[in-house]
Amino acid sequence: MTELSRRAALASGMSFALAACSRQPAAAEPVDGAPLKSLAPFPVGVAVQAAQLGDPAWTSLAATHFTQLTAEWEMKMEYVVQADGSFRFDRADAIAAFARDRGMRLFGHTLVWYANEPEAFVRLDESRQSFAGALANYVTAMVGRYRGLASGWDVINEPIRDDGSGPRDSLWSRKLGQVGHFKVAFEAARAADPQAVLFTNDYHLESKPAKLASYMRLIEQLLAEGVPLNGIGCQTHLDADLPAGAITRTLKALAGFGLPIHLSELDVSVVGGGLLGDRAGAERRQVALYGEAMDAFAALPQRQQFAFTVWGLRDGDSWLTRENARDAPLMFDSAGRPKPTYGAVVKALRGR
Ligand code: XIL
């Protein structure tokens, strides 16, 4: 056997051995599953749907780790406002009762959203009741119903256009004006619950500087006009390819108003953005982003730490997984086991 062929034989033997090793999944490091709420010195929240309250695996895991609930969709007009203009509160009441019975806070999401334009408002006979009066009536009914349990409300959700060019047009802004619809909704919410923290809330602030700038300009304008806005929401729906540091810069910028910050809807998609096709790389970045989100939130002044909320409990509960079953955007897998994303959040908290 020539030297070359001996080396080739060795190399092929080596490569076979390495291939065999690489085929074994790397032994996953054990994840520190300590209860999140015992580690976080501020409220930690999770999105919920009423149907999940009937799943003991869901309720047990949520009550173990979280201190606040946000209704994923059943406190929105799309569920509450009926075609005849009546309101249905059955599922919102079930979520509120679950929170109350477990000593958890409820977070009200959301009163006014461009994506919800119920027929009852579109077809309002304004000769009988003004549009502003109808909106104030709805806000008063919702906020008043959960007064004392809801720690705060997303009063106006997603006010900025996706391209960041300025405030969105919506049924609400067309009828009452940009600042006008904020005034009507926020003033009615303030009157209905003087204690609740009143938020506006938006997304892609980390990845779109123009959108962040427009959001901050709008907040400045609203505060200058005396709108009783006293909380700022940053949804933090991310793709795994978001560059390191973007979350930190965004939260620092928003914190400059000196108001409570709600990191309100965290999830990190591993099938969106530029890392499609590199699943392992996407998952590594996802873990880092969860850690950065908690680091950045925990670094806020204590008086500005309203809540750190994730948009779903287990991967199978996520709106993103309903869209693409290959996604895995949350901190717990579909069996309720803590993932490395959870470990990164715990590590960030223990490191403080
Ligand atoms: C989503 C819910 O997760 C879905 O179940 C529902 O069908 C549509 O709304 N930003 C928001 C949330 O403020 O209300 C959205 O929630 C996700 C984006």
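Atoms within a ligand are numbered from 1 in the order they appear, just like the ligands themselves.
Aromatic ring orientation, F87 versus Y138: perpendicular (interplanar angle above 60°, classes split at 30° and 60°). Relative orientation of the F332 and F66 rings is perpendicular, given thresholds of 30° and 60° on the angle between their planes.
Scanning the protein for heavy atoms near atom 3 (O) of ligand 1, the closest one is E72 OE2, 2.6 Å. Remark: minimum distance from atom 17 (C) of ligand 1 to any protein heavy atom is reached at W319 CH2, 3.6 Å. Given atom 10 (N) of ligand 1, the protein heavy atom at minimum distance is E158 OE2, 2.8 Å.
Near R322, meaning under 4.0 Å from any of its heavy atoms, are these atoms of ligand 1: 4 (C), 5 (O). Counting the atoms of ligand 1 from 1 in the order shown, those under 4.0 Å from a heavy atom of N157 are 11 (C), 13 (O). Interface atoms of ligand 1 facing H109, defined by a heavy-atom separation under 4.0 Å, are 11 (C), 12 (C), 13 (O), 14 (O). Residue K76 approaches ligand 1 through these ligand atoms, each under 4.0 Å from one of its heavy atoms: 1 (C), 8 (C), 9 (O), 12 (C), 14 (O), 15 (C), 16 (O). Taking every heavy atom of Q235 and a limit of under 4.0 angstrom, the matching atoms of ligand 1 come to 10 (N), 11 (C), 13 (O), 18 (C).
For ligand 1, the polar-atom distance check against W113 finds no nitrogen or oxygen pair separated by under 3.5 Å. An N or O contact shorter than 3.5 Å links E265 to ligand 1 by distance. For ligand 1, the polar-atom distance check finds an N/O of W311 within less than 3.5 Å of one of the ligand's N/O atoms.
Taking 4.0 Å as the cut-off between side-chain N and carboxylate O, E117 and R174 count as a salt-bridged pair. Ionic pairing of R314 and D55 is present here: one or more N-O contacts between side-chain nitrogen and carboxylate oxygen are shorter than 4.0 angstrom. A salt bridge is absent between K211 and D163; no separation between the charged side-chain nitrogens and carboxylate oxygens falls under 4.0 Å. Remark: E72 engages R322 in a salt bridge, criterion side-chain N to carboxylate O under 4.0 Å.
Residues F107 and F199 bring their aromatic ring centres within 6.0 Å.
Of the protein's heavy atoms, none falls inside 4.0 Å of atom 7 (O) of ligand 1.
By the criterion of a heavy-atom distance under 4.0 Å, neither the backbone nor the side chain of Y203 is placed next to ligand 1.
Scanning for ring-ring contact (aromatic ring centres under 6.0 Å, His included) contacts around Y215 gives an empty result, with sequence neighbours left out.
Judged purely by distance below 3.5 Å, without hydrogens or angles, the side chains of W113 and E158 pair a donor atom with an acceptor atom.
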